[in-house]
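Since the structure comes first, as structure tokens, the remarks are kept for the end.
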Amino acid sequence: MHMSAKGFTVAVVGASGYAGAEVVRLLAQHPELTMGDLAAHRQAGLPVGQAMPHLAGVAGERTLSEIDVNRLASHDAVVLALPHGASGRIASELSEVNPDVVIVDAGADFRLSSSSDWQRWYGGDHAGTWTYGLPELPLAAGGSQRSNLVRARRIAGPGCNASAVALGLAPLVDLVDTSQTAVTLVVGTSGAGKSSRPDLTFSRMSGGAHPYSVGNAHRHIPEIMQSLRTSGATDPHLSVSAVLVPMTRGILAVCTAPSQASTATLGGRLREVYHDEPLIHVTNAHPDTHDVAGSAMAHINAVGDLDNGLATVVVALDNLVKGTAGAVVQSLNLAMGLPETAGLPMVGLNP
């Protein structure tokens with residue numbers, strides 16, 4: 001890898017979407033990673049400051065470029081922030097031109113190890129399986145997924161909802177019955193992407209709560225179950241219901257499963273597993289999305305309901321930072337041998 005004046009160069013494909021623009025925002029403040037090519041599809045040719053005015057101060061004079069594989073492959077790393085199903089072709093072309101380039105896919109294309117799961121939940125051909133980019137995920141054999149990300153060359157960024165649920169439940173797989181888990185996801189509108197849709201207009205979103213994926217329909221279900229199996233769950237089953245609410249950023253995951261563990265036991269386990277994790281805070285109060293907005297932190301708390309034999313785990317994170325772009329940068333840091341939290345905002349925007 002060649003070093004630029006400020007470390008390694010990173011190109012972003014799909015830079016004008018919410019996830020891509022958030023990666024650009026983090027790269028702009030990163031001490032070791034230099035923003036390289038910012039490529040877009042429909043908005044190629046537009047000045048960055050026009051397409052994304054919030055980036056005018058750091059990249060306003062740049063122009064969004066066409067997707068040129070040869071130029072992209074000349075960087076140390078490429079982040080793909082594309083619609084599901086679009087990363088496989090570009091990734092294989094990049095690998096042909098430069099096998100050594102680090103590629104992180106922010107989409108779903110390489111997250112699942114099972115091609116039948118991919119076909120069922122996403123449709124089309126499965127592009128393959130890359131190293132999963134959730135460093136804090138506990139492994140059944142001990143340690144965490146971090147060890148697999150150090151010096152990795154092909155990384156699948158995690159799904160934002162999948163991260164919230166997995167981070168909450170994975171440390172507790174032997175204390176709760178993951179075969180009967182119910183999750184309610186309270187999700188901000190940026191999770192639905194940048195495209196305009198009638199159900200995302202202000203008139204529809206303002207002042208209401210909108211269920212959009214109830215029971216067994218959410219695409220992150222196989223990814224969550226894969227993570228729970230990685231952490232030692234033998235036969236996880238999951239019902240997920242998602243509710244879109246009028247906030248821009250944030251996920252509040254409320255996870256309930258049968259358990260005989262007390263609040264103290266559950267909290268003790270979470271603290272034991274995450275005590276060294278810089279981006280996970282096991283809270284004493286119930287997590288609140290306000291406290292993590294704009295940050296790369298995940299807040300987690302668990303309550304044991306002994307009367308009813310249930311455990312409830314609540315996780316709050318910013319879907320665009322810890323949920324998506326922050327996880328991409330965190331994984332890039334590990335792949336490049338940099339401090340893991342470099343360039344990641346540790347403080348939330350509150351209020």
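This structure is a prediction, so every number in the text was calculated from the model and none was measured. Positions are given from 1 along the sequence.
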Side chains of Asp76 and Thr9: do they bring a donor and an acceptor to under 3.5 Å?
yes
Less than 4.5 Å apart, any side-chain heavy atom of Leu33 and any of Leu332?
yes
Would you say that Val173 contacts Leu228 through its side chain, given a criterion of any heavy-atom pair below 4.5 Å between the two side chains?
yes
Kindly determine whether Asn161 and Val240 satisfy side-chain contact (heavy atoms from CB on, under 4.5 Å), including the steps that lead there.
CA-CA 10 Å; Asn161 295 299; Val240 174; over 6 Å; no
Using side-chain heavy atoms (C-beta onward) and a distance below 4.5 Å, is Leu252 in contact with Val315?
no
Residues Ser144 and Pro135: closest non-hydrogen pair is OG-O, 3.1 Å
Taking the side chain as everything from C-beta on, heavy atoms only, tell me whether Leu344 gets closer than 4.5 Å to Val329.
yes
We want to know whether Glu223 and Tyr132 form a side-chain donor-acceptor pair, criterion being a heavy-atom distance below 3.5 angstrom.
yes
Specify the closest pair of heavy atoms between Asp109 and Gly88, including all atoms of both residues, with the distance to one decimal.
OD2-N, 3.5 Å
More than 12 heavy atoms from other groups under 6.0 Å of CG on Asp68:
yes
Does the side chain of Ser259 reach to within under 4.5 Å of the side chain of Leu172, using non-hydrogen atoms?
no
Is the side chain of Arg111 donor-acceptor paired with the backbone N or O of Gly157 at a distance under 3.5 Å, no angle test?
yes
Indicate whether the side chain of Thr189 and that of Arg249 have a donor and an acceptor atom separated by less than 3.5 Å.
no
Would you tell me whether Ser87 and Asp105 have side-chain atoms, one donor and one acceptor, within less than 3.5 Å of each other?
yes
In this structure, OG1 of Thr263 is separated from CG of Leu306 (nearest 0.5 Å) by 7.0 Å
side-chain contact (heavy atoms from CB on, under 4.5 Å) with Thr256: which of Thr184, Thr312, Asn308?
Thr312
Kindly indicate, with the supporting measurements, whether the criterion side-chain contact (heavy atoms from CB on, under 4.5 Å) is fulfilled by Val12 and Asp37.
CA-CA 6 Å; Val12 182; Asp37 230 37; over 6 Å; no
As an exercise, state the distance from CG of Leu94 to NE2 of His75, rounded to the nearest 0.5 Å.
10.5 Å
Apply side-chain contact (heavy atoms from CB on, under 4.5 Å) to Arg153 and Ile103, showing your working.
CA-CA 6 Å; Arg153 286 292 165 267; Ile103 309 175; over 6 Å; no
Step by step, work out the side-chain hydrogen bond (donor to acceptor under 3.5 Å, both in side chains) result for Arg42 and Ser16.
CA-CA 9 Å; Arg42 284 191 300 273; Ser16 59; over 6 Å; no
For the side chain of Trp121 and the backbone of His220, is there at least one donor-acceptor N/O pair under 3.5 Å apart?
no
May I ask you to decide if the ring planes of Tyr122 and His84 are parallel, tilted or perpendicular, using 30° and 60° as cut-offs?
perpendicular
Would a distance-only check, ignoring hydrogens and angles, find a side-chain to backbone donor-acceptor pair under 3.5 Å from Thr324 to Val321?
no
Say whether Val254 and Leu169 are linked into one hydrophobic cluster, either directly or through other cluster members, by side-chain heavy-atom distances under 4.5 angstrom.
no
Which of parallel (below 30°), tilted (30 to 60°) and perpendicular (above 60°) describes Phe110 and Trp130?
parallel
Does His275 reach the main-chain N or O of Leu270 with its side chain, forming a donor-acceptor pair under 3.5 Å?
no
Please report the shortest heavy-atom distance between Ile251 and Ala164, naming the atom on each side.
CG2-CB, 4.1 Å
Look at the side chain of Arg146 and the backbone N and O of Ser331, then say whether any donor-acceptor pair between them is shorter than 3.5 Å.
no
Are any of the side-chain nitrogens in Glu277 or Arg271 under 4.0 Å away from the carboxylate oxygens of its partner?
no
Side chain Ser239, main chain Gly215, donor-acceptor under 3.5 Å:
yes
Once you round to the nearest 0.5 Å, how far does CG of Leu27 lie from CZ of Phe8?
13.5 Å
4.5 Å side-chain heavy-atom contact, Lys322 and Ser163
no
When you group the ILVMFWY residues by side-chain heavy-atom contacts below 4.5 Å and let the links chain together, are Met225 and Leu137 in the same group?
yes
Answer whether the closest heavy-atom distance between the side chains of Leu46 and Thr63 falls below 4.5 Å.
no
Gln226 side chain to Ser113 backbone, donor-acceptor under 3.5 Å
yes
Less than 4.5 Å apart, any side-chain heavy atom of Met297 and any of Ile280?
no
Surrounding NE2 of His290 (heavy atoms of other residues, nucleotides or ligands, distance under 6.0 Å), is the total greater than 12?
no
Is a side-chain donor or acceptor of Arg269 paired with a backbone partner of Pro171 at a separation under 3.5 angstrom?
yes
Verdict with reasoning, Ile300 to Thr283, per side-chain contact (heavy atoms from CB on, under 4.5 Å)
CA-CA 6 Å; Ile300 305 177; Thr283 63; over 6 Å; no
If you compare all heavy atoms of Ile67 against all heavy atoms of Ala39, which two are closest, and at what distance to 0.1 Å?
CG1-CB, 4.0 Å
Decide whether Glu340 and Gln330 meet the rule of one side-chain donor and one side-chain acceptor closer than 3.5 Å.
yes
Out of curiosity, His41 NE2 to Glu66 CD, how far, rounded to the nearest 0.5 Å?
9.0 Å
Treating Ile, Leu, Val, Met, Phe, Trp and Tyr as nodes and any side-chain heavy-atom pair under 4.5 angstrom as an edge, say whether Val292 and Leu185 lie in one connected cluster.
no
Nearest-0.5 Å distance that lies between atom CD1 in Ile221 and atom OG1 in Thr181
11.0 Å
If two hydrophobic side chains count as joined below 4.5 Å and joins carry through other members, does Leu317 share a cluster with Val313?
yes
Do the side chains of Arg204 and Asp199 get close enough for a salt bridge, i.e. N-O under 4.0 angstrom?
no
Any donor and acceptor pair, going by atom type alone, linking the side chain of Thr131 with main-chain N or O of Leu149 inside 3.5 Å?
no
For Asn333 and His30, does a side-chain donor sit closer than 3.5 Å to a side-chain acceptor?
yes
Under 3.5 Å, is there a donor on one side chain and an acceptor on the other for Ser114 and Ser116?
yes
Main-chain N/O of Ser74 paired to Asn98 side chain as donor or acceptor, under 3.5 Å
no
Let me confirm one number: the OG1-CD1 distance from Thr178 to Ile224, rounded to the nearest 0.5 Å.
12.0 Å
Same cluster or not: are Leu134 and Val183 linked, directly or through other Ile, Leu, Val, Met, Phe, Trp or Tyr residues, by side-chain heavy atoms under 4.5 angstrom apart?
yes
Less than 3.5 Å apart, any donor N or O on the side chain of Thr230 or Ser227 sitting next to an acceptor on the other?
no
So, for Ser206 and Pro246, which heavy atoms are closest and what is the spacing to 0.1 Å?
CA-CB, 4.3 Å
Looking only at side-chain N and O atoms, does Asn319 offer a donor or acceptor that is under 3.5 Å from a partner on Ser190?
yes
Which atom names give the shortest non-hydrogen contact between Ala170 and Ser231, and what distance separates them?
CB-OG, 3.3 Å
